[in-house]
Amino acid sequence: MALFELTLAEAADAVAQGELSPVELTGSVLERLDAVEERLGAYVAVASEAARESAALAEREIAAGRYRGPLHGIPFGLKDLIDVAGLPTTASSRVRAGHVAPADSAVARRLFDAGAVLLGKTHTHEFAYGLTTPQTRNAWDQGRIAGGSSGGSAVAVAAGAATFALGTDTGGSIRVPAALNGVVGLKPTYDLLSRHGVTSLSWSLDHVGPLTRTVRDAALVLSALTGHGSKDPVGPGAARPGCPPPGEGSLTGLRIGVPVNYYFDRVSPAVETAVRGALAQLSDLGAELVEVEIPMARYVQATQWGLMVPEATAYHERALRSVPELYAPDVRVLLEAGELLSAGDYLRAQRARTLMRQAWGRVLEQVDVIAAPTVPMTAAEVGQDTVEWPDGTTESVSDAYVRLSAPANITGIPALTLPVGRDHAGLPIGMQLMGPPMGEALVLRAGRAYEAVQDGHGGLAPVAA
Amino acid sequence: MSDVELTATEAARWALRAGLPLESERHAEVAATANHIHAVVRTLRELDFGETPPATHTVEAEATDGSL
């Protein structure tokens with residue numbers, strides 16, 4: 001096995017035991033990155049020399065007995081919405097030409113304090129306002145889209161061009177590309193992780209979180225991002241629980257909600273089969289499957305759009321008036337149209353969000369976790385705009401991709417996606433586990449238990465070097 | 001905005017009123033996109049909100065760049 005194939009946990013264990021050199025690990029991942037990047041387009045910019053220097057520093061520190069924890073010496077990628085002092089934050093946009101971040105974002109600072117090694121910045125759909133990430137290709141089939149908006153981060157992890165990565169999720173932008181590329185993505189509870197120094201799409205919907213190859217790895221990254229010991233504060237208000245490693249094995253006593261509406265409507269047969277198969281395995285592990293009704297399903301898209309569109313337009317107000325021609329056409333027209341929504345539209349969406357949070361809270365009193373498909377279909381072909389469903393309806397690819405992930409953004413609850421199978425073309429399928437606010441340990445526990453009984457979990461996408 | 005769809009001219013006028021002059025070739029596309037968004041968000045008018053207040057969200061303690 002090449003070193004770039006190691007999961008974060010495998011690499012961390014070996015580094016901690018003195019059996020793996022961070023310099024060799026980083027070198028292997030950089031070589032892999034070089035070998036696949038031209039076909040995948042995951043990175044905006046790669047900082048090879050800085051990464052090698054950071055890895056060498058980590059190696060010296062560990063040799064001197066100053067081991068910082070599981071991320072020490074581990075190479076990672078950052079979605080290019082997340083500031084690192086002295087580096088451009090392009091948001092994959094010409095609008096940001098010449099911009100250099102003055103300081104580290106809080107999450108980047110956490111990772112640096114943990115000794116992680118930055119490889120570079122990964123592509124996003126421009127300003128995270130879209131679900132395809134057009135610069136990047138799917139790690140499993142380069143004729144397919146990567147998904148978005150954290151497409152670069154997902155593809156880098158899936159291909160072994162990063163051991164882990166961070167992304168952001170406003171309507172599903174961590175979970176969608178993670179599902180489409182066969183990796184794990186965690187959108188934590190709203191405000192659990194600081195958004196300081198992270199370019200906003202929609203202030204009230206944005207979340208930062210990890211993309212990894214295993215659930216265990218996601219728990220390790222979350223622990224580093226929430227644990228104590230950093231000088232930089234994380235967001236105020238919420239408790240900072242850290243993230244204990246999830247238990248393995250039996251799920252006895254865990255109640256898993258299986259939606260009887262919404263989440264299995266208009267999904268491809270392959271997705272439904274794979275997710276129901278995973279549910280059966282969770283049941284075999286001791287979980288109790290409980291049917292649940294998803295509340296306010298009819299109002300998900302309206303609430304999501306009613307919040308996101310005005311907030312995005314407000315964020316871009318000045319640049320939209322000064323350099324509109326620099327935006328990609330799909331993003332520009334959404335921002336311009338956002339000027340035409342009223343305050344009443346926005347307030348109705350905020351009031352609907354209150355109702356939705358209350359209603360979901362009642363469901364999550366009946367069960368510990370809700371399990372459902374992450375995305376209703378596998379990765380679309382590049383250029384494919386719509387999908388036709390067996391009931392005769394059609395839907396835009398972007399609408400379809402965000403339909404099942406958006407409720408967790410509106411309600412702010414944690415949601416974990418993990419791979420649960422592949423379709424006839426070999427494309428990955430994801431299942432998401434959603435828990436109550438601050439219920440990260442619950443969803444990680446369930447996800448880890450499922451993962452532990454899978455053969456070959458954490459495997460890389462078959463991208464030839 | 002009413003339930004009646006915006007024409008291209010109306011979209012341009014609304015945008016201008018918001019301080020965003022649109023080039024004439026963009027009027028129709030922006031109107032179509034705005035009408036699509038309005039058709040979706042209009043669904044929320046079906047809800048009986050009663051005394052339900054708008055949701056709030058936590059604002060970061062650290063000052064951040066609020067806009068581009």
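Throughout, protein chains are lettered first and strands after them, A, B, ... in sequence-line order, and every chain is numbered starting at 1.
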With only heavy atoms counted, which part of [X] is less than 4.5 Å from chain B, the side chain, the backbone, both or neither?
X        : result
A:Leu307 : neither
A:Thr303 : both
A:Met296 : side chain
A:Val333 : both

So does [Y] get a backbone contact from the side chain of [X], meaning a donor-acceptor N/O pair under 3.5 Å?
X        : Y        : value
A:Arg110 : A:Ala106 : no
A:Thr89  : A:Asp80  : no
A:Asn409 : A:Asp169 : yes
A:Asp206 : A:Leu201 : yes

Between B:Ala18, B:Ala31, B:Pro54, B:Ala32, which shows the greatest number of heavy-atom pairs under 4.5 Å with chain A? B:Pro54
Below 4.5 Å, heavy-atom pairs only: which of B:Leu22, B:Thr43, B:Thr52 has the largest tally toward chain A? B:Thr52
Got A:Thr199 and A:Tyr315 here, is their nearest side-chain heavy-atom distance under 4.5 Å? yes
B:Arg17, part contacting chain A, at a heavy-atom distance under 4.5 Å: neither
Counting only non-hydrogen atoms closer than 4.5 Å, does B:Ala39 touch chain A with its backbone (N, CA, C, O), its side chain (CB onward), both, or neither?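 Neither part.
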Restricting to side-chain hydrogen bond (donor to acceptor under 3.5 Å, both in side chains), what partner residues turn up for B:Thr7, sequence neighbours left out? B:Glu10
My understanding is that only residues two or more places apart in sequence, or in another chain, count here; which of them pass side-chain hydrogen bond (donor to acceptor under 3.5 Å, both in side chains) with A:Arg351?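 side-chain hydrogen bond (donor to acceptor under 3.5 Å, both in side chains) list for A:Arg351, sorted by chain: empty.
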Residue from A:Ala349, A:Ala337, A:Gly338, A:Ser322 scoring the most non-hydrogen pairs under 4.5 Å with chain B is A:Ala337
